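Notes to accompany the following structure.
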There are 2 protein chains.
Amino acid sequence: MITLLLVEDDKDLGKVLKQYLEMQDFRVLLSESGEKGWALFREQSPDLCILDIMLPGMDGLTLGKKIKQAAPDQPLLFLTARTSKEDVLQGLKMGADDYICKPFEPEELVLRINNILRRSGKTEPELMAIGQFRFVPDQLELAGYGNTYRLTLKEAQLLKYLLSHQNQVLKREEILAGLWGENDYFLGRSMDVFISRIRKYLKPEKEVKLETIRGVGYVLRTMKR
Amino acid sequence: MITLLLVEDDKDLGKVLKQYLEMQDFRVLLSESGEKGWALFREQSPDLCILDIMLPGMDGLTLGKKIKQAAPDQPLLFLTARTSKEDVLQGLKMGADDYICKPFEPEELVLRINNILRRSGKTEPELMAIGQFRFVPDQLELAGYGNTYRLTLKEAQLLKYLLSHQNQVLKREEILAGLWGENDYFLGRSMDVFISRIRKYLKPEKEVKLETIRGVGYVLRTMKR
DNA sequence: TGAAATGTTAATGCCAGGTTAACGTTGGCA
DNA sequence: TGCCAACGTTAACCTGGCATTAACATTTCA
């Protein structure tokens with residue numbers, strides 16, 4: 001579970017955001033002051049700090065600076081009012097990952113949070129190894145044996161799915177439900193096309209085999225050494 | 001200028017790569033041993049370390065671990081032989097940003113390097129502010145006033161160009177040469193379409209104005225406070 | 001005032017990617 | 001052993017998205 005530190009002096013806004021973020025499966029530490037935010041940061045080591053710039057007492061920028069000194073790679077996201085443009089630039093210079101201007105929709109906040117977490121490597125691995133191949137799902141990139149392939153979106157999604165379940169038998173209908181959202185004859189034939197393509201890409205890699213289990217589905221076998 | 005530390009015990013390969021990377025405008029520190037690599041790292045604080053795993057004496061993984069302890073957010077890229085699969089996994093667990101299997105084309109190395117540098121924020125800023133709007137060129141994303149727009153590639157390229165030269169007058173033919181590679185009547189009309197679109201996106205932002213200088217070109221004016 | 005320059009909106013054409021077709025191969029079962 | 005369903009492979013087809021181009025409008029300047 002990802003832990004967020006939210007420092008926001010507006011009680012109502014703080015509560016609404018906390019509630020919303022908890023509904024998105026985050027653990028949220030809420031603080032109304034910079035001083036208490038700093039204490040929570042020290043005690044709990046959150047994955048991401050969301051700091052309102054306009055705080056009573058220790059302001060958000062000062063708190064951010066303090067956090068960055070203590071933990072230079074700590075992800076920060078600032079909340080800022082429309083009148084705080086210089087504050088924003090200062091925040092970015094300090095190494096903040098992102099900022100949002102009030103007012104904003106909570107969904108936007110979640111989007112930003114997930115972007116930052118992905119970039120800081122706190123969500124699933126961004127790079128997957130397949131024998132001597134490297135696969136970066138977000139970049140649709142498969143590289144190995146001196147070649148770099150730009151996969152199509154569907155190819156990348158299927159390869160990612162197979163890799164996430166390597167050495168497990170995946171039923172045809174399971175893959176179809178997961179990647180295509182439904183199971184029909186023609187989508188199954190479409191999947192066959194993509195399976196064939198992935199086999200072609202992976203052909204040079206002898207320690208990986210995409211096997212068919214007839215009447216059942218597929219299994220991506222990777223040899224363990 | 002970006003500084004790279006290259007630790008590679010194969011003299012010939014090291015020289016070839018150094019030369020190639022210098023041609024790509026990198027400054028390259030070359031070392032044949034882990035021990036000397038460590039010393040160079042300490043003295044010169046390179047932007048990216050490229051470490052061969054198979055080194056005499058202190059091996060690449062040990063060196064990488066040492067570097068990560070000293071500088072947790074230091075970008076690392078490992079060079080690995082085909083027989084080093086467990087090494088690769090260890091490197092990734094350690095927090096390496098990427099790896100390449102030998103043999104590889106030098107262009108591939110440059111691609112990987114630029115990817116890592118972009119991700120670590122060591123190239124041009126990944127996030128640009130336009131008044132209360134935030135623009136992330138690589139993600140074709142413009143967000144502000146509660147809305148998030150997915151720009152088309154051309155829109156994003158033009159906006160980025162305008163922002164990179166804000167408050168400077170840009171001649172029509174200059175923009176066309178820069179983004180379209182040539183200047184003709186119809187491409188000019190195409191640019192007019194994109195200018196119009198960008199104006200539409202930015203309309204809510206009063207402190208930014210995309211002005212026409214008739215017979216000359218455009219200037220993106222941003223008010224300074 | 002007229003023409004050129006530019007603005008705006010929509011139509012057009014092209015391309016990439018997923019789906020579907022067509023033919024081939026394989027495996028399992030009677 | 002032969003047949004048929006399941007799947008493999010390659011290419012054709014269709015659609016959506018995007019840049020370009022068209023068409024009409026507006027603005028500016030001599």
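Because the structure is a prediction, the values reported are computed rather than measured. Letters A, B, ... are given to chains in the order of the sequence lines, protein chains preceding strands, and every chain is numbered from 1.
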Side-chain N or O of [X] versus OP1/OP2 of [N]: is the shortest distance under 4.0 Å?
X	N	answer
B:Trp180	D:dA19	no
A:Lys200	D:dT10	yes
A:Thr152	C:dA16	no
A:Thr212	D:dA6	no

Inset, instruction - Please examine the side chains of A:Arg150 and A:Glu141, heavy atoms only from C-beta on, and report whether any two atoms are closer than 4.5 Å. - result: yes
Legend entry - Spacing of B:Leu202 atom CG relative to C:dG7 atom P, expressed in whole Å: 14 Å
Legend entry - Shortest side-chain distance from B:Arg214, nucleotide among D:dT27, D:dC18, C:dT19: D:dT27
Inset, instruction - Counting heavy atoms from C-beta on, name the nucleotide in D:dC7, C:dG7, C:dG18 closest to the side chain of B:Arg199. - result: C:dG7
Inset, instruction - Kindly state which residues belonging to residues 184-197 of chain A come within less than 4.0 angstrom of DNA chain C, counting heavy atoms of the residue only, listed by number. - result: A:Phe186, A:Leu187, A:Arg189, A:Ser190, A:Val193, A:Phe194
Legend entry - Salt-bridge present (B:Asp192, B:Arg189; N to O < 4.0 Å): yes
Legend entry - side-chain contact (heavy atoms from CB on, under 4.5 Å), paired with A:Ile198, selected from A:Leu151, A:Leu158, A:Val193: A:Leu158
Inset, instruction - Classify the nucleic acid contact of B:Arg172 as base, sugar-phosphate or nothing, counting any heavy atom under 4.0 Å across all strands shown. - result: sugar-phosphate
Legend entry - Under 3.5 Å side-chain donor-acceptor pair for B:Tyr201 and B:Glu155: yes
Legend entry - Donor-acceptor pair, side chain of B:Glu205 and main chain of B:Leu202, under 3.5 angstrom: no
Inset, instruction - Say whether, by atom type as modelled, one donor and one acceptor occur between the side chain of B:Arg199 and the main chain of B:Leu210 under 3.5 angstrom. - result: yes
